[in-house]
Novice: 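Below is one structure. I have some questions about it.
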Amino acid sequence: MPYWLMKTEPDAFSLQDLQRRGQEPWDGIRNYQARNFLRSMQTGDEVFIYHSRVPVPGIVGTAEVVCAAYPDPTQFDPQSKYYDPASHPDRPRWDLVEVAYRRTFAHGIALDILRTVPEFSASQLIRKGNRLSILPITSSQWQYVLQCAG
DNA sequence: GCCAACGTTGGC
DNA sequence: GCCAACGTTGGC
């Protein structure tokens, strides 16, 4: 599966922040389904960046996986808000991937729009109560959004 | 800021 | 193994 969507709250870390940094370890994922998706990501996979908890949630741009999954160091750091005392270094529970900034869409694609698009009708993204922060994207979904984004 | 929906935890 | 309680996510 070469396409993914990753959510972020721009108040905490935005696509613009990623653009400034160039590349970033996507840490803090603490959900097993999302972690399993992380583990199946490969270098070169393409990623939609989605802004949540904003007035108009939606897809705002793209990134690329530049480093495959490895153990998220924040799980072992007692100072981190992502610290997981139940995880042990010999058997890490949580992973991260590193992503690099690729582009910012001239026109973001709002969740409201995605709800009306047949390509997304089966996507977990538009399901009520969906809390999955990383999810797979089909090639037709990827192409649809790129076309809309201009 | 509210709260529905969901995942996780822990008592039993 | 059930399920109530709790914490978190994320649209609104």
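Values in this document were obtained by computation on a predicted structure and should not be read as measured data. Note on naming: letters A, B, ... go to the chains in the order of the sequence lines (proteins, then strands), and numbering restarts at 1 for each one.
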Novice: Give me the distances for all protein-to-nucleotides 8-12 of chain B N/O pairs that come in under 3.5 Å?
Specialist:
none

Novice: Quick one: do the A:D77 and A:T74 side chains pair a donor with an acceptor below 3.5 Å?
Specialist: no
Novice: To the nearest 0.5 Å, what is the distance between CZ on A:R30 and CG on A:D72?
Specialist: 4.5 Å
Novice: In the hydrophobic clustering that connects Ile, Leu, Val, Met, Phe, Trp and Tyr at side-chain heavy-atom distances below 4.5 Å, which members other than A:L96 occupy its cluster, ordered by chain and number?
Specialist: A:Y70
Novice: Among A:Y144, A:W142, A:F48, whose ring-ring contact (aromatic ring centres under 6.0 Å, His included) with A:Y3 holds?
Specialist: A:W142
Novice: Which heavy atom of A:W94 sits nearest to which heavy atom of A:D84, and what is that distance?
Specialist: NE1-OD2, 2.8 Å
Novice: Extract from the structure each pairing of a protein N or O with an N or O of nucleotides 1-4 of chain C at less than 3.5 Å, listing the distance.
Specialist:
none

Novice: Identify which one of A:V47, A:L125, A:I134 satisfies the side chain to side chain contact (heavy atoms under 4.5 Å, CB included) criterion when paired with A:L5.
Specialist: A:L125
Novice: For A:L146 and A:Q143, what are the C-alpha separation, side-chain angles and deciding distance, and is it a side chain to side chain contact (heavy atoms under 4.5 Å, CB included)?
Specialist: CA-CA 5 Å; A:L146 282 194; A:Q143 281 154 26; 5.7 Å; no
Novice: Once rounded to the nearest 0.5 Å, what's the spacing between atom NZ of A:K7 and atom OG of A:S52?
Specialist: 6.5 Å
Novice: Specify the residue among A:G129 and A:R53 whose closest nucleotide of DNA chain B lies further upstream toward the 5′ end.
Specialist: A:R53
